[in-house]
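Note on naming: letters A, B, ... go to the chains in the order of the sequence lines (proteins, then strands), and numbering restarts at 1 for each one. This structure is a prediction, so every number in the text was calculated from the model and none was measured. Heavy atoms only: backbone and side chains are in, while hydrogens, waters and symmetry mates are out.
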Amino acid sequence: MLSPLEVSVVAAAACSALGLALLRRQASAYGVRVLHAPAAGDPAVGVRYAFTGAMSPGAKESVREHLPSYLAGLAYHAGIFTALGLLVATLCGVPLPASLRWLCRVPLILGTMGGTGLLLKRMLQSELRGLSHPDDFLSNLLATAFVGLALLGGTTWLLSAALLLFYAPLGKIRHCLFFFLARRNLGAFFGRRGVFPPGSSHVH
Amino acid sequence: MSTDLEPKLEALTPQDFARGLEVFHQSLRDAEVSYLSACVRCGLCADSCHYHRAEPALENMPARKLDQIAAVFRGHFTTMGRLAPGLVGAKRFDKDMARAWVDAAFGRCSLCGRCSINCTIGIPLPTLFRAARKALGAMRLVPEDLQASVANSLVHGNNMAIERDEWVETVQWMEEELQAETGDPEARIPLDKQGARCLFTVNPREAKFFPLSLQASAKVFWAAGEDWTLASDGGWDLTNYALFTCEDDQAAAIVTHLSDAMTRLGCEVLVIGECGHGYQSARWMGPEWLKKAFPFPVVSILELMDQYLAEGRLQVDPSRNPLPVTLHDPCNLVRHGGILEPQRRVLRKAVAHFVEMAPHGVENYCCGGGGGQLAMSQYRDRRLKAGGVKARQIQATGAKVVAAPCHNCIDQLGELNKEYQLKVQVKTVAELVAAALITPHSAEVLP
């Protein structure tokens, strides 16, 4: 039997899923561009590359030159996914072995550090601060709190989960959906033109 | 800039803003809406932009430029933008935002797409800057000299308003030069040859300022025994500046010059000379503007030269290009065109010492002249400053020759050469190949 707070978390998750589905539907309503120029490469191969090699430091200068931010981002997202996994287990009443719980503390700690670090960076770097909207700070705070409080569990963590899930489709956390759509489109675009992956262009 | 722009902004009516928004909205599809909803403003894209690398400032960050556009999208077309604009950074499209759009989309972006491959999320930002430029076009806010290039193409069939007689005379002059250079009185630069296999197209700058570049391409065709022709009337100019004004109807009308010439002359292959935006316009965008595939292939002369060398139709002696050569990667040809290796294979055979820039290929920097920047005089100082990144790349190679398979880039590199005292020669790939050619005539005098 779920507690009232757990029911709130489930309701927030449902709202989140509904909101994201609505956003997806709104985007889909704009229609798809029909392309006529013959392809020089395979869009599907480009999509695969976009989600793999194209994100690696070897292919991205922005990663190579900002490794601390990149690693903080990886840790942050690993922490978020770990916390989400723990949330599902908690709501489903699945008991986790103590060893696994201890193991989960590693990504949660690193994720909290990563999220906090990125928040501080946004606050302290003038360019990044100028680029930011209140949504950027709020989204980070909600997600970092969710990851950090997962170390403790309990009521406060569930409350943070409900807030995060409810807010997800309203602010930039919606990138949890649009990241995949954007990167898929990027991969298809460059794959079709024979740019992704390197050396994939057809010989005319 | 402000002196030109401000009166136009002052004159805008509510109908103009509504029209701009409508055009912007209509240009969006599922993909663009996903991009507009995806940016997390991490800021990691900043130094991927040559504008920001040359002058680190918030306004030069790709994410900031994108956010100017996304803010209007959120303000007018999203629920959260209407309900909580302050929270999510939504703006109404007013005079200030129109000014910001002009500055971001025209004044601080060459549409090179380097930020696309460096974006954490994977947003092809030029797609959205094009949508903004299109909207600004509907509001008559395209910089006038850029729009004038488009008007020339529409009225005269080429962007420099070269009259037919002048073009034909230039070709005939170059034919005489070709005959003198090759020692072959039968060497031709064919005009309007019916049924030729290849229709070759050039940048009007070649006719006006760089005729030796045209002669070099002709020498390559001559040596390879290619069956080719130029068009004397509409259909010889490969440029399409509507790619940069982003007015698709005008772009379609300009690219129709090429397809009409192909039909008129009965050619099999449309060959695009060394021009980045010309290649992207004809190869990739032309069919989209016309909403149908061409009934003929579109290839770059770089691909043809690569093929000729691979098939043994051209013989080259790299010692005839003894100076160290580096290669510039035009964004529209490489990052947006997919032509990456042919020019490298050609240069490795045709020059004695080929040295790559760092970074190179898809990761190479824009020279600063793309996106119509060369045609927008009000942004000249910014363009040259942003081009400093390219200048430093060239200096670091130690090369004495820069091969640039794009006449727009050549113009910008020429200006950078003076501005930054690079002391390099800037040449097309065809010029280097032509210099290295071993022809029956030249073979006799080889030791």
Side-chain angles (χ1 to χ4, degrees), chain A residues 23 26-38 40-41 50 54-55 59-63 65-66 69-70 73 118 122 125-128 130-136 138-139 170-172 174-175 177-179 181-187 189-190 193-195 198-201 203-204, chain B residues 28-35 37-48 56-58 61 63-64 67 80 84 86-89 116-124 127 283-288 290-294 297 299 303 307 334-341 359 361-363:
Chain A
L23 289 171
Q26 286 172 345
S28 298
Y30 281 79
V32 177
R33 186 166 283 109
V34 179
L35 298 176
H36 302 88
M55 295 175 71
K60 281 176 78 169
E61 177 191 88
S62 57
V63 169
E65 293 189 349
H66 300 95
S69 293
Y70 175 68
L118 291 173
R122 190 175 288 282
Q125 282 193 358
S126 61
E127 268 191 5
L128 202 49
L131 178 66
S132 303
H133 305 304
D135 170 38
D136 295 304
L138 181 57
S139 295
L170 306 180
K172 79 166 184 183
R174 63 177 62 174
H175 79 266
L177 167 67
F178 287 107
F179 163 79
L181 299 175
R183 194 148 272 279
R184 180 199 67 186
N185 290 328
L186 178 90
F189 175 86
F190 281 124
R193 294 194 175 196
V195 177
S200 64
S201 182
V203 176
H204 294 276
Chain B
L28 302 178
R29 294 289 179 274
D30 182 1
E32 286 80 31
V33 173
S34 298
Y35 302 145
S37 308
C39 182
V40 293
R41 292 173 291 282
C42 66
L44 295 189
C45 57
D47 278 335
S48 67
L58 176 62
M61 290 177 82
R64 171 65 166 189
D67 200 50
M80 278 304 286
L87 176 67
V88 299
S116 308
I117 58 168
N118 280 293
C119 174
T120 304
I121 298 290
I123 301 171
T127 308
R283 170 65 178 86
W284 291 108
M285 302 304 291
E288 312 312 335
L290 297 173
K291 297 182 174 55
K292 62 179 181 184
F294 289 135
V299 303
E303 295 172 282
Q307 184 187 337
V334 177
R335 197 158 33 240
H336 286 140
I339 304 294
L340 177 67
E341 290 300 329
V362 169
E363 286 202 273

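Contact annotation for V88(B): both backbone and side-chain heavy atoms come within less than 4.5 Å of a heavy atom of chain A. Heavy atoms of P297(B) lying under 4.5 Å from chain A are absent altogether.
In this structure, L181(A) CG and Y35(B) OH are separated by 9.5 Å, a value rounded to the nearest 0.5 Å. Note that the SG atom of C119(B) and the CZ atom of F179(A) stand 9.5 Å from one another [nearest 0.5 Å]. How far CZ of R29(B) is from CG of N185(A): 13.5 Å, rounded to the nearest 0.5 Å. Here M61(B) contributes atom CE and L128(A) contributes atom CG; the two are 6.0 Å apart, rounded to the nearest 0.5 Å. With values rounded to the nearest 0.5 angstrom, S34(B) atom OG is found 5.5 Å from F178(A) atom CZ. Expressed to the nearest 0.5 Å, how far CG of D67(B) lies from OG of S132(A) amounts to 9.5 Å.
The candidate from M285(B), R335(B), E341(B) with the greatest count of non-hydrogen atom pairs under 4.5 Å with chain A is R335(B). By number of non-hydrogen pairs under 4.5 angstrom with chain B, the leading residue of V63(A), L177(A), L170(A) is L170(A). The most heavy-atom pairs under 4.5 Å with chain B, out of R184(A), Q26(A), E65(A), R174(A), come from E65(A). Contact count against chain A (heavy-atom pairs under 4.5 Å) is highest for A57(B) among G43(B), A63(B), A57(B). Contact count against chain B (heavy-atom pairs under 4.5 Å) is highest for A59(A) among G171(A), A59(A), G73(A), S69(A). When K172(A), H175(A), H133(A) are compared by the number of non-hydrogen pairs under 4.5 Å with chain B, H133(A) comes out ahead. Of the residues considered (L138(A), L35(A), V34(A), V32(A)), L35(A) shows the highest number of contacts with chain B, using heavy-atom pairs under 4.5 Å. Chain A forms more heavy-atom pairs under 4.5 Å with one residue of T120(B), T127(B), L290(B) than with any other, namely T120(B). The choice from S116(B), P56(B), G122(B), G286(B) that makes the most heavy-atom pairs within less than 4.5 Å of chain A is G122(B).
Of all non-hydrogen atoms in K291(B) and H36(A), the two that sit nearest each other are O-NE2, 3.2 Å. Nearest heavy atom pair, residue A38(B) against residue A182(A), reads CB-CB, 4.2 Å. Closest of all the heavy-atom pairs between L131(A) and L58(B) is N-CD1, 3.8 Å. What you find for D30(B) and Y30(A) is that their closest heavy atoms are N-CB, 3.6 Å. Nearest heavy atoms, W284(B) versus P38(A): CZ3-O, 3.5 Å. When all heavy atoms of V334(B) and V195(A) are compared, the closest pair comes out as O-CG2, 3.7 Å.
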query = How far apart are the C-alpha atoms of D47(B) and H66(A), what are their side-chain angles, what is the distance that settles it, and do they pass the side-chain hydrogen bond (donor to acceptor under 3.5 Å, both in side chains) test?
reply = CA-CA 10 Å; D47(B) 278 335; H66(A) 300 95; 4.8 Å; no
query = Where do E127(A) and R64(B) land on the side-chain contact (heavy atoms from CB on, under 4.5 Å) test, with the steps shown first?
reply = CA-CA 9 Å; E127(A) 268 191 5; R64(B) 171 65 166 189; over 6 Å; no
query = Yes or no on side-chain contact (heavy atoms from CB on, under 4.5 Å) for I123(B) and R183(A), after CA distance, side-chain angles and deciding distance?
reply = CA-CA 7 Å; I123(B) 301 171; R183(A) 194 148 272 279; over 6 Å; no
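Classification of R33(A) and E288(B) as a salt-bridged pair fails, no side-chain N sitting under 4.0 Å from a carboxylate O.
A 4.5 Å side-chain heavy-atom check between P198(A) and V362(B) finds every atom pair outside the cut-off.
Taking the six-membered ring for Trp and thresholds of 30 and 60 degrees, F189(A) and H336(B) have ring planes more than 60 degrees apart, a perpendicular arrangement.
In summary, of the residues considered (I117(B), L44(B), N118(B)), a side-chain contact (heavy atoms from CB on, under 4.5 Å) with K60(A) occurs for N118(B) alone.
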